[in-house]
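Each residue takes its place number in the sequence, starting with 1. Note that ligands are numbered from 1 as they come in the structure, with each ligand's atoms numbered from 1 the same way.
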Amino acid sequence: MSNHLLEFRDVTKTFRIGGLIWGTQLTAVDHVNLSLAKDKPSILSVVGESGSGKTTLAKILLRLHEPTSGHVFIDGEDIFDSRSALHGKDYYRFVQPIFQNPFETFSMRKTVDNYLFDTALQLGIAKSRNKAQDVVAEALTSVGLDISTVRGKYPNQFSGGELQRISVARGLIPRPKLIVADEPVSMIDASLRMNIVNLFLELKENYGVSLIYITHDLSTAYYVSDYIAIMYRGNVVEYGPSDEILTNAAHPYTELLLDSVPTVGKKWERNLKPPELELAEYQAAACKFAERCPYVQPICREIKPPQVRITETRRALCYRPVDYQPGKTTVESEQIAVPE
Ligand SMILES: Nc1ncnc2c1ncn2[C@@H]1O[C@H](COP(=O)(O)OP(=O)(O)OP(=O)(O)O)[C@@H](O)[C@H]1O
Ligand SMILES: [Mg+2]
């Protein structure tokens, strides 16, 4: 039995972009290693600016994209192995998504209660309409709502914040162990965002649900999460306990993000960098951040930096956080490219 609820092991996803002849490869997710413990529910925030690979990572976890290489395990089962016990519909009893736009989650032509009943029936959680009503009522209670508040209403009769709360209830119907929420508050009124973020904390504490919270917003990430993974051009450049990352960034990119930390909910400027750099950065064989790093050394442009383990729970894809010495510093094997 695995002691991980979730494990991304050396996961890479490349996309082919452009035409067949002149096309090229873009590595949207690049050798990512992340895990969540099984015995203790936790919230992992995945933070990074636009195009860093966050949604691709979420889609891999939801089995909407297959990794080009590497493996994803849920409770020790490889989710892309057809022999896995989690193959097929049962998978969605473990993992549920929450999307950015709650209005796209629901059908505009169906009342919200009917939509929720159908979800319970389709997932096989309830065998009859009566049982579905009980399951839905319970899921709504978990998010602080009474079924009477949704009965007979269509999605457009709710605010974005209310509907997102209901979509969290939808995700809870199969009582998943893990929720993947991709920018769940970015389309909600700023005044209602904290309601949803606090709801995630309650779900973790009261119902033992772990959560992957994908966001541009470092401030809510800090508030809600136990761990933060900072992504840059497909790489997890820094990972660790959220308070340590926020108070003592190890990677120069994290420092840059902290310097430009927005007020709650405000996205970072999408163009912190000239766009022509983007593809070159995705494809860089060495450090993708080298061109804008204030601490860049010749080695950063020559050899991909290793995953340096800073403490038991902290790592950064960078030569700088420790006095990196090839062969001496503890690094994670898959990223090692030790200079001759
Ligand atoms: N199906 C696809 N085909 C080709 N390229 C893709 C595909 N999906 C994503 N990409 C590219 O992969 C990179 C990562 O995209 P992704 O959507 O994962 O980023 P993100 O971090 O979620 O960004 P955002 O914050 O804007 O949502 C981008 O350069 C994107 O254009
Ligand atoms: Mg995205």
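- Note: no N/O pair closer than 3.5 Å links I17 and ligand 1 by distance alone.
- Residue H65 has no nitrogen or oxygen atom sitting less than 3.5 Å from a nitrogen or oxygen atom of ligand 1, judged on distance alone.
- Atom OG of residue S84 and atom OH of residue Y91 lie 9.0 Å apart, to the nearest 0.5 angstrom.
- Within the structure, ligand 1 has E183 among the residues with a heavy atom less than 4.0 angstrom away.
- Between H251 and Y232, the distance separating the two ring centers is not shorter than 6.0 angstrom.
- Aromatic ring centroids of H71 and F8 lie 6.0 Å or more apart.
- For R170 and Y115, the positive end is not near the middle of the six-membered ring at less than 6.0 Å and at most 45° from its axis.
- Residue contacts with ligand 1 do not include G48, since none of its heavy atoms lies under 4.0 Å from the ligand.
- Between R16 and ligand 1, not a single N/O pair is under 3.5 Å apart.
- Only side-chain heavy atoms of L26 come within less than 4.0 Å of ligand 1; its backbone N, CA, C and O stay farther off.
- Between P241 and R314 the shortest side-chain heavy-atom distance falls below 4.5 Å.
- In summary, an N, O or S atom of T55 is located under 2.8 Å from the Mg ion (ligand 2).
- Y239 and Y227 have parallel rings, their planes meeting at less than 30° on a 0 to 90° scale where 60° marks the start of perpendicular.
- Which of T215, T56, T27 comes nearest to atom 15 (O) of ligand 1 through a heavy atom is settled by distance: it is T56.
- With sequence neighbours left out, D81 forms a salt bridge (charged side-chain N to carboxylate O under 4.0 Å, His left out) with R83.
- Counting the atoms of ligand 1 from 1 in the order shown, those under 4.0 Å from a heavy atom of T55 are 17 (O), 18 (O), 20 (P), 22 (O), 27 (O).
- Residue-level proximity to ligand 1 for M231 is absent, since no heavy atom of it falls below 4.0 angstrom.
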